[in-house]
Amino acid sequence: MPELPEVEVTRRGISPHVAGQRITRADVRVPALRWPVPPGLDALLRGQTLRRVERRGKYLLLGCDQGWLLVHLGMTGTLRVLSDVTALPAAGKHDHVDLVFERCILRYRDPRRFGAVLWHPATAGDVLHHPLLSTLGVEPFSDDFSGALLHARTRGRSVAIKQALLAGDIVVGVGNIYASETLFRAGIHPRAAAGRISRARYDRLAQAIREILAAAIDKGGSTLRDFVGSDGQSGYFQLDYFVYDRTGKPCRVCETPIRHIVQGQRSTFYCPRCQR
DNA sequence: AAGGTAACCTGACTGC
DNA sequence: TGCAGTCAGGTTACCT
């Protein structure tokens with residue numbers, strides 16, 4: 001799944017159901033995620049109240065009385081709220097963790113197990129200082145994010161702009177789909193050296209990132225087959241992509257066939273005429 | 001320090 | 001129908 005829009009949609013979807021609710025227990029059926037789910041999580045969480053659901057990049061931060069549960073959805077993770085306690089679906093093969101509340105269950109599913117469920121105790125300090133969060137770039141919707149920032153942070157770097165966006169240490173939340181889409185919107189070639197892109201073009205790119213991510217959030221997150229809404233229903237409809245997964249199809253602006261290349265082992269799609 | 005690559009894992013799809 | 005090969009929305013760890 002999940003680029004920033006899907007994570008944000010998940011946050012908004014689950015928050016009203018679980019914020020303020022007391023955790024009855026945690027069922028960890030498969031602890032072997034990207035990193036092991038901490039042993040003893042059940043005993044740790046029992047009786048704590050989940051206070052709020054925040055997001056940093058693609059991480060969901062579940063603020064509890066004694067610390068934070070960090071949840072990353074990896075490539076195929078989903079979080080769903082099961083609220084019909086009278087007809088709870090049995091846990092499937094890939095339903096690895098349940099947080100059980102008095103009136104609902106928050107179920108973590110992740111077929112590929114690239115995701116993570118970790119615990120950061122309040123005694124360990126600010127959760128944003130967690131090693132996985134401390135190196136993250138700025139939030140695309142924060143006041144700190146701008147063309148000026150992109151420009152400043154890429155000076156002297158020869159890396160391709162597509163890979164610089166994806167790396168997440170300058171700006172978070174732009175995954176493989178939206179990297180291609182935002183570069184198309186800004187008219188920038190994905191192989192352009194990040195350090196040689198002008199300030200004016202970075203202004204366009206920053207605006208494209210904000211607009212496209214916001215549009216995707218508004219539509220309920222774009223989705224591939226794995227994404228399931230937080231209420232257990234699939235069927236979010238995705239944005240109409242301009243370039244992603246459209247190899248050989250005519251550009252929606254100029255009709256030139258869309259091209260596919262590989263950068264850093266990831267697919268990139270672009271229009272050779274609109275993007276220079 | 002920056003840049004490139006391998007690795008984690010399962011499922012869907014394609015072609016023979 | 002089966003099997004092998006390829007690809008998939010992410011990110012860290014390790015190498016040069």
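To find a chain, count down the sequence lines: A is the first, B the second, and so on, and within it residues start at 1. Here the structure is a predicted model, which is why all the values come from computation and not from measurement.
Comparing the same atom, P, in C:dT11 and in B:dA1 gives a spacing of 23 Å after rounding to whole Å. Nucleotides B:dC9 and C:dC3 are separated by 23 Å at their P atoms, to the nearest Å.
Candidate nucleotides C:dA8, C:dG10, C:dT12 were compared by shortest atom distance to the side chain of A:Glu3, and C:dG10 ranks first. Checking B:dG11, C:dG10, C:dT12 against the side-chain heavy atoms of A:Pro111 singles out B:dG11 as nearest.
Using cut-offs of 30° and 60° for the angle between ring planes, the A:His189 and A:Tyr270 rings count as tilted. Between A:Phe184 and A:Phe242, the ring planes lie parallel to each other; the angle is under 30°, not in the 30° to 60° tilted range.
With salt bridges taken as basic N to acidic carboxylate O contacts below 4.0 Å, one links A:Arg29 and A:Asp98. Between A:Glu139 and A:Arg56 there is a salt bridge, since a side-chain N of the basic residue sits under 4.0 Å from a carboxylate O of the acidic one. Salt bridge annotation for A:Arg273-A:Glu255: absent, with no cationic side-chain nitrogen under 4.0 angstrom from a carboxylate oxygen.
At a threshold of 4.0 angstrom between heavy atoms, the contacts of A:Leu166 with the nucleic acid are absent. Counting non-hydrogen atoms under 4.0 angstrom, A:Arg157 reaches the backbone sugars and phosphates but no base.
One can place CD1 of A:Ile170 at 10 Å from P of B:dA2, the figure rounded to the nearest angstrom. Separating the CZ atom of A:Arg112 from the P atom of B:dA7 is a distance of 15 Å, rounded to the nearest angstrom. A:Gln265 has its CD atom 14 Å from the C1' atom of C:dT6, to the nearest Å. In this structure, A:Arg191 atom CZ and B:dG4 atom P are separated by 12 Å, rounded to whole Å. Per the geometry, CG belonging to A:Asp245 stands 13 Å off C1' belonging to B:dC13, to the nearest Å. The distance from atom CG of A:Asp169 to atom P of B:dA2 is 9 Å, rounded to the nearest whole Å. Between the CD atom of A:Gln263 and the P atom of C:dG10 there is a distance of 14 Å, rounded to whole Å. A:His94 places its NE2 atom 8 Å from the P atom of B:dT10, with the value rounded to the nearest Å.
Neither OP1 nor OP2 of B:dC9 sits under 4.0 Å from any side-chain N or O of A:Arg34. Of the side-chain N and O atoms in A:His72, none sit less than 4.0 angstrom from OP1 or OP2 of C:dG10. Look at A:Ser158 and you'll find a side-chain N or O under 4.0 angstrom from OP1 or OP2 of B:dG3. Note on A:Thr76: every side-chain N or O is 4.0 Å or more away from OP1 and OP2 of B:dT10. At the phosphate of B:dT10, neither OP1 nor OP2 sits under 4.0 Å from any side-chain N or O atom of A:Lys93.
Pair check for B:dG15 finds C:dC3; Watson-Crick or G-U wobble, both atom distances under 3.5 Å.
Side chain of A:Thr182 to main chain of A:Ala179: a donor-acceptor pair is present (N/O by atom type, distance under 3.5 Å, no hydrogens or angles).
The stacking criteria are not both satisfied for A:Phe114 over the base of C:dT11, which would need a centre-to-centre distance under 5.5 angstrom and an angle between ring planes under 30 degrees.
A:Arg113 contributes no side-chain N or O that forms a donor-acceptor pair with the base of B:dC9 under 3.5 Å.
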